[in-house]
Structure formats: C-alpha cells, structure tokens
Amino acid sequence: MATVAASPTYTASATPQRSRLMSWLTTTDHKVIGTLYLHTSLFFFVLGGLEALLIRWQLMRPNSVVLTADQYNQLFTMHGTTMVFLAIMPLSAAFFNYLIPLQIGARDVAFPRLNAFSYWIFLLGGVFITLPIFFWVAPDGGWFGYAPLSGRTYSPGPNMDFWVLGLQILGISSLAASFNFATTIINMRAPGMNLMRMPMFTWMSFVTQFLIILSFPVITIALVFLQFDRFFGTTFYQISAGADPLLWQHLFWIFGHPEVYILILPAFGLVSEVLPTNSRKPLFGYPVMAYSGILIGFLGFGVWAHHMFAVGMGPIADTVFGLTTMLIAIPTGVKIFNWIFTMWGGSIRFTAAMKFAIALIAMFVIGGISGITHASPPSDLQQTDTYYIVAHFHYVLFGGAILGIFAGIYHYFPKMYGRTMNETLGTWHFWLNFIAMNLTFFPMHFAGMLGMPRRIYTYDAGQGWELFNMMSTMGAFLLAPATLIFIYNFFRSKKHGEPCGPNPWDAPTLEWSIPSPPPEYNFAKIPMVTSRYPLWDLTHPERTAEIPHTQTGWTEATQQTGEHDMAPMHIETETRTAKELGIPMPSSTIKPFFVALGIVLMFSGLLFLPKGMKVPAFALMFGGTAMWVGYLYAWLTTPLEDHH
Amino acid sequence: MSASADAAHGHHYTTTGLDNRKIAIWAFIGSECMLFASLISTYLIYKGKSLVGPFPHTPWTDPSSGKVFPAILNIPVTSASTFVLLMSSLAMVLALSAVENRGKPLPPGAGAWDKALTSSKLWLWMTCLLGAGFLAFQAYEFTSFVHEGLTIRRNLFGSSFFTLTGFHGAHVTAGVIWLGSLLAIDYKRGLQPSDALAVDLAALYWHFVDVVWIAIFTLLYLIPG
Ligand code: HEM
Ligand SMILES: [Cu+2]
C-alpha cells in the first residue's frame with residue numbers, strides 16, 4: 001500500500017501478496033482506514049463544491065436560466081447533504097481514525113473490524129445518495145428534509161427515497177464508529193494518560209462521540225417515520241390524519257443542533273493541536289478548554305428550537321431557547337480567548353497549518369457573532385430563511401470546520417506520509433482560499449438583510465441584490481483554483497514532498513514520538529505518560545515546567561500486564577515488523593465489507609416498492625439481508641487476530 | 001469478538017480494567033435510550049390526536065356506519081405478557097450466575113434445586129422461551145388489533161403504537177437470537193467462566209430491553225387518557 005510503503009512492511013503469513021484493492025477491502029488497520037476516509041471525503045468535498053459552483057452560476061445574475069427550478073432544488077439539497085454527511089463528518093472521521101489511537105498510545109481502535117465496517121458502509125451509503133444527481137433524480141427537499149414536504153404526497157418521485165434511505169445508511173456508519181471511538185478513548189489510553197492529559201483533539205473527539213451516540217438515534221427515528229410514511233402509508237406526518245406539522249422539525253433539530261457541534265468540535269480539536277505546537281507554548285487553560293467542550297456538548301441538546309422561531313412556538317418557548325442559545329456562545333467564546341492567549345507571548349511559526357488555524361479563529365468569530373444575532377427571536381424573524389443565515393452557517397462551517405480540517409491536513413500530512421506538504425503552495429492555497437471565502441460569504445449578509453430568501457432558484461433585478469450575488473459567485477469561482485492548488489499539493493507531496501523525521505513540527509504529544517508514517521503496530525513499547533506534553537518533557541522541559549507531572553497509573557498498569565510491553569516515555573526507533581516483535585495484529589478480512597454491502601442492498605430493495613416492482617424489491621431485500629446476516633455471523637465467529 | 005477469540009487475549013491492558021465490549025455495550029445502550037425516547041415521546045405527543053378510531057382506552061363509534069369500536073388495549077393480557085418478560089430477566093440472571101460458577105463444587109447436602117441452579121442450559125432455555133412467549137403474546141395482540149380495525153395506517157395511534165411496540169418486539173427478537181447462539185455454544189463446548197463476559201453482554205442487553213418494556217407498559221397501557 002502506498003500509504004504505508006515507507007514503514008517496515010509486515011505481511012500476515014497466510015496472505016503473502018494481495019493486490020492494492022484487495023488490501024484496502026480487507027484492511028483492519030486504523031491508519032489505512034483513516035487515509036481511505038480522507039481520500040473519499042476529499043472526493044465528496046470536491047463534488048459538493050462543484051454542485052455549489054452550479055448553484056452560484058445560476059444565481060450570478062437575475063432571471064438566469066442555467067438551471068431549471070427542479071435542478072436547482074436537487075443541487076442545493078445535495079450540496080448541503082454532501083458537505084455535512086459526506087465531506088465534513090467523514091473528514092473528521094479520517095482524523096478520529098488516524099489520530100485517536102496514536103494520541104492515546106494505543107495500537108489500534110477497540111474494534112478494528114467494526115471500524116472497517118463503518119468506512120465501507122459510509123462509502124456505499126455515499127455512493128447510494130450521490131448517484132441519482134447524475135440522472136437528475138436526486139433528493140430535492142433540502143438538507144433538513146422537512147416533512148410533510150418530504151412525504152409521498154408532496155414528493156412523489158424516487159428523489160426523497162434516496163435521501164431517506166441514504167441518510168439511514170450513513171447513520172449506521174456514524175453510530176458504529178462512535179461506539180468504537182468512545183470505547184477506544186475510555187479504555188485504551190496508555191498508562192498514566194488520565195483524562196486531563198489527553199491531547200485536546202482527542203478530548204474534542206470524545207465529546208463528539210457522545211453527541212453522535214445521543215443525537216443520531218433521534219434522526220434515525222425521524223427517518224423511520226418518514227420511511228414508513230413513504231413506503232407503508234403510515235400517518236406520522238400526514239396533516240390530513242391530524243399529524244403535527246412540527247413533529248419532524250423538533251426531531252430533526254434535536255439531532256440537527258448537536259450535529260453542528262459534531263461538525264465543528266473535531267476542527268476545534270485540530271487547531272488546539274496546531275496552535276500550541278506552532279506557538280511553542282502549552283495550550284492556554286487546558287482544563288477550561290476541555291470543560292468548555294463538554295459544556296458545549298451539553299447545552300447543544302437544549303437549543304434546537306432556535307431553528308424554529310418563525311413557526312410560532314409562543315413567548316415562553318422562544319424566550320427559553322433564545323436564552324440557551326445565547327448561553328452556548330459563552331463556552332464557545334472561552335475557546336476563542338484561550339486560543340488567542342495560547343499564541344500570546346509565544347514564538348510563533350507561521351506554517352500553512354498555523355495560518356489556517358489562526359484564520360479559523362477570526363472567521364469563526366464572525367460566524368459566532370452572526371449566530372448570536374439570530375439567537376434573539378425578534379431579530380431572527382428578520383433573518384430567518386434569508387441569505388443572512390446562509391452567511392452565518394458558512395462562516396461557521398467553512399470558516400470553522402473546513403479551515404480547521406485544512407489546518408489538520410497540513411499539520412498531520414507528514415505523520416501520515418513521512419513527507420511534508422509544500423509550504424509555498426500551502427501559502428498560496430491559504431490566501432486564495434481566505435480571500436475567496438470572504439468574497440463568497442460576506443456579501444451574503446447584505447443580500448440577506450435586503451431580504452433575499454434562501455433556496456430560491458432565481459430572482460428579479462432591481463431589489464439591490466445584483467452586486468452581492470455577483471460578488472458571491474466570483475468568490476465561489478475563486479475557491480475552485482484554491483482547492484485545485486491544495487489537491488495538487490496533496491497528491492504531489494505524497495511522492496515528492498520533503499522527507500521528514502518523526503516530529504517535523506517539534507510537537508509535544510505521543511503521536512510524534514513514533515516514526516512517520518508509523519509502523520502498523522504504532523508503538524513497539526507502550527509509553528508510560530507522566531504529563532500532558534510527554535514529548536516536550538524530553539526535548540523542551542522548560543516549556544512544561546509549570547504543567548503538573550505525576551507517576552499515577554504506572555503501578556496499576558504494570559501489575560495488569562507485566563512490564564515487558566511498556567517503557568518510560570521515549571522516542572521510538574524500532575523498525576522491526578509486528579511479527580518479529582511478536583505483537584499480535586488484527587488479521588485482514590473482507591467480511592465487514594460484505595456486511596456493509598448486504599445492508600445497502602437491503603435498503604436498495606425498498607426503492608422498487610413504490611413502483612410496484614415486487615420481484616427486484618424482495619430479491620434485493622432478502623438477498624441483502626441474507627448476505628449481511630451471514631457475513632456478520634462469520635465475522636463474529638472468527639477470532640480477531642491470527643494466532644502466532 | 002467471539003468468545004474463543006477473547007479468551008486468548010484476556011491480558012490486554014485496558015485503562016479501566018474492563019473489557020472493551022463491556023464499555024461499548026453501555027455506549028450502545030445509551031444510544032438505544034434515545035431511540036426509544038424518541039419513539040415513546042412521539043406516541044405521547046400523538047395521544048388523543050387521532051381523527052378516527054379505534055382508540056386505546058375509549059370506545060369509538062364510526063359516524064358513517066354507526067359501528068362501535070371498543071377500546072383497543074387489552075390490559076389483562078398485556079399484564080400477563082409483561083410478567084412473562086420480567087420472568088425472563090430473572091432466568092437471565094440465573095443463567096449468567098450458572099456460567100460464572102461453572103465448575104465450582106456443590107456444597108454437601110445440595111438438593112435438586114441447587115443442582116438446577118448450576119445448569120446454564122436450563123436457564124438460557126428458560127430465557128429464550130419466555131422471550132419467545134412474550135413475542136407470541138405480541139403476535140396475538142397485533143393480529144387481534146388488526147381484526148378489530150386498528151392497522152398501522154389507520155390513524156396516528158395505530159402508526160405510533162405499532163411502530164413503537166414493533167421496534168421493541170424486534171429488539172426482543174434480536175435478543176432471543178443472541179441468547180439462542182449462546183445456547184448453541186453451550187451445547188457445542190459448554191460455556192465456561194471465561195465466557196461469562198459474553199453472557200454478561202447479552203444479559204445487559206436483555207435487561208435493557210425489559211426495562212424499556214416496563215416504561216412502555218406503564219406509559220401506554222396503564223395510564224389512561
Ligand atoms: C455562537 C454559536 C452559535 C449560535 C448562537 C448559533 C445560532 C444559530 C441560530 C439561531 C440559527 C437559526 C437561524 C434561522 O434559521 O433563523 C442557526 C442556524 C445554523 N447554524 Fe448556528 N449558531 C452558532 C454556531 C454554529 C456552529 C458552530 C455551526 C456549525 C459548525 C452552526 C451551523 C448552523 C447551521 C448549519 C445553521 C442553518 C441550518 C439550516 O437552517 O439549514 N452554527 N445558528
Ligand atoms: Cu442550531
């Protein structure tokens with residue numbers, strides 16, 4: 001595999017040589033799965049970007065006819081759905097996969113095969129929900145799919161079927177992954193790494209897993225209702241049967257608001273790694289950073305109805321949700337200040353990653369402030385469903401999540417591939433991207449304040465919107481070359497980037513103590529951790545002098561296992577293979593792939609039901625079920641590891 | 001993940017000292033709580049909102065035909081099925097304890113009952129059969145409701161009732177299959193104390209499904225209105 005070519009290669013005895021495709025299909029290595037996630041979600045990011053370009057092309061001028069209204073609906077729906085579920089979430093998952101085990105000193109995730117399953121069902125679900133756009137039968141009810149609009153009565157075609165079933169499939173992926181990562185973080189930390197020593201990325205990921213665990217079942221049920229309404233004629237969202245038109249909205253946003261934190265917290269975690277490293281100072285107020293993450297997670301479940309101020313919930317509900325929404329800005333603001341104080345007085349190194357991280361702080365502040373302006377119901381009534389909202393969520397999602405993820409990619413690329421990305425191209429990418437995103441999204445505030453609604457496929461001239469729309473479209477088309485530079489840099493650097501050692505940025509946490517790229521077992525000897533910045537303790541003790549150091553956890557650990565597998569904190573130089581070292585590794589297997597495939601086939605069968613095509617419907621449903629049940633059984637009855 | 005695979009690797013260091021699967025099942029159960037909470041809330045929100053009958057606790061006369069539909073829920077029968085499900089939890093506890101204590105010598109003077117307590121097969125069978133018994137009650141309940149005119153498409157009550165209790169029934173079914181697989185292993189090679197964790201996981205799931213039923217029984221059946 002190219003991704004680990006430079007690491008000492010280890011081949012399971014029973015499986016001497018496999019093709020590259022086969023090695024992907026059967027991998028259980030969290031690092032390979034992480035890079036698979038990374039490439040797949042970058043692909044979807046580009047696809048979602050192309051959809052956005054078509055949208056902007058249509059909106060560039062009043063009354064233009066580039067797209068029909070119907071095509072426009074499909075494009076904005078798929079743009080939102082793709083960016084949320086197929087780009088940002090799995091980009092975060094790429095980092096969960098790659099980094100969490102490395103940051104906590106583990107050899108893999110808790111359930112390596114479940115991890116492979118999560119990836120495959122994400123990929124297949126992504127293909128499932130994406131394919132229809134190439135035939136103009138894509139979902140067209142918006143990324144939040146409001147019922148009853150998305151019910152069979154108002155959306156009779158197959159379009160929303162793809163959306164309902166596709167999101168159901170993708171939900172399985174996120175949930176399976178969240179159980180896995182939560183368990184990994186709770187239970188697989190190196191000895192001495194107590195919660196208050198976890199790297200901040202792992203902390204924010206930890207909070208994110210709980211948000212997924214608790215919020216995804218809610219949308220699962222909302223989707224089950226919609227699915228039953230559409231396929232089996234139930235009445236959950238049928239107003240004529242007395243249904244509550246707000247049921248979907250409540251269920252969706254109880255998931256939907258935690259979801260926006262699921263999108264942003266991993267990016268917050270990434271910049272919390274990039275900023276201290278490149279300021280050559282510990283993270284300012286580490287405990288408060290962790291607590292504010294937890295608080296954001298908690299409060300995130302109590303603000304959902306701020307998306308529904310316009311439906312007339314009454315003064316009490318409006319007040320309560322307005323207040324909770326304003327409250328949640330406090331822990332968010334705390335993070336902003338802590339990042340700034342982290343840089344304060346540091347000796348800053350402006351790597352590409354650092355530029356993106358600093359830009360995130362600035363851009364997120366803009367998005368956060370516009371958020372607070374619609375936390376107040378009367379003011380939101382002016383803003384809701386206008387381009388002002390579109391400006392808000394693009395400042396937090398593009399200016400927050402995406403910039404953070406770019407920072408993470410530049411920062412962690414050397415760990416993944418043993419080479420750094422080109423910094424000059426990175427700088428070009430940064431500035432173009434930065435200018436373009438502001439050109440795209442800042443004018444939307446004005447268009448929105450002048451009353452331009454969201455989700456309209458065209459508009460008349462003379463309402464004062466022309467200039468702002470033209471600017472937004474120019475910005476969007478400038479984002480394209482910026483992204484191209486990034487993609488070029490990414491793929492070129494894999495082969496021709498400057499080779500780097502284990503720790504090119506002189507960073508403080510465990511993942512930098514092992515070779516780049518890491519050997520498949522990650523840590524030949526599990527390090528014993530005595531402080532928050534174990535590597536700086538070795539290389540720059542002056543930087544961590546004020547951080548608490550203790551030896552707790554060692555004795556318990558050595559008692560549990562015998563000392564042979566562990567060693568005091570060190571820089572790893574081992575190059576032998578897992579086999580030579582006698583480290584048991586999970587064996588590769590194709591079963592998780594087939595379980596995922598079976599589930600997707602089973603869901604696909606439903607697509608044929610409304611057309612009355614019973615034979616393919618039941619063939620797919622029963623065939624798919626048989627497939628996933630059979631492979632799941634085989635999976636559960638096969639040991640995880642080869643016996644050495 | 002199989003029992004045999006794990007026995008070989010029981011010595012992996014973990015932060016909490018617990019097995020990974022034990023942590024994961026709690027995370028899973030946490031998630032399931034939200035799943036059932038959404039289903040139950042929807043049922044409660046739609047209580048009394050159906051435009052046509054049949055209704056759960058009150059009779060309904062069809063204005064067009066004059067036909068009278070009695071109150072649908074049959075509390076005595078469901079009380080019996082609830083009892084059956086609760087007893088299955090007891091059997092589950094005894095099955096787990098039998099596996100954990102396998103191989104320990106019986107105290108002198110142990111009677112037939114003490115002997116019976118050591119049989120994991122017996123108690124796994126009991127759990128499965130009681131679970132299946134609950135499902136039989138549910139099948140009976142569903143068919144009689146349909147005969148009385150309540151289908152999943154009929155009204156909001158039908159939609160939310162069948163979806164909620166159907167989801168629960170599907171969970172019980174999954175549990176019976178899970179326990180059945182443990183039983184198969186027990187017949188094949190005998191469950192050992194080293195398999196206790198595998199049984200414990202199934203037990204946790206099983207008790208959770210029971211607890212959910214108690215919530216459903218209380219909120220749907222016992223509270224009228
Ligand atoms: C300071 C914190 C924040 C506050 C006070 C806030 C407030 C709000 C409010 C009140 C709305 C509803 C506006 C309306 O529809 O009328 C909204 C929409 C939205 N927010 Fe935020 N927000 C905050 C942070 C975030 C973050 C961090 C994200 C994501 C990373 C985010 C993503 C979104 C999205 C996607 C929408 C639009 C959803 C839609 O209608 O499609 N927000 N925000
Ligand atoms: Cu929100």
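Each chain gets a letter, A, B and so on, in the order the sequences are listed, and its residues count up from 1.
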Practice problem: State yes or no: are the ring centers of A:F179 and A:F111 separated by less than 6.0 Å? | Solution: no
Bottom line for B:F28: the part with an atom under 4.5 Å from chain A's heavy atoms is both
Distance-only side-chain donor-acceptor flag, B:T42 / B:S160, under 3.5 Å: no
Ranked by heavy-atom pairs below 4.5 Å to chain A, first place among B:T151, B:N155, B:I45 goes to B:N155
So, the part of A:S240 with a heavy atom under 4.5 Å from chain B: the answer is backbone
If one checks every heavy atom of A:L251 against chain B at 4.5 Å, the contacting part turns out to be side chain
| request: Evaluate whether atom CE of B:M126 has more than 12 neighbouring non-hydrogen atoms of other residues, nucleotides or ligands under 6.0 angstrom away. | output: no
Exercise for review: Tell me yes or no: between the side chains of A:D244 and A:H250, is some donor less than 3.5 Å from an acceptor?
Suggested key: no
Exercise for review: For the residue pair A:T589 and A:W635, confirm or rule out a side-chain donor-acceptor distance under 3.5 Å.
Suggested key: no
If one checks every heavy atom of A:I213 against chain B at 4.5 Å, the contacting part turns out to be both
Under 4.5 Å to a heavy atom of chain B? For A:L175 that would be side chain
- [ ] Look at the side chain of A:W203 and the backbone N and O of A:L195, then say whether any donor-acceptor pair between them is shorter than 3.5 Å.
- [x] yes
In terms of heavy-atom pairs under 4.5 Å with chain B, the winner among A:Y633, A:F225, A:F228 is A:F225
Turns out that what part of B:F167 lies under 4.5 Å from chain A's heavy atoms comes down to side chain
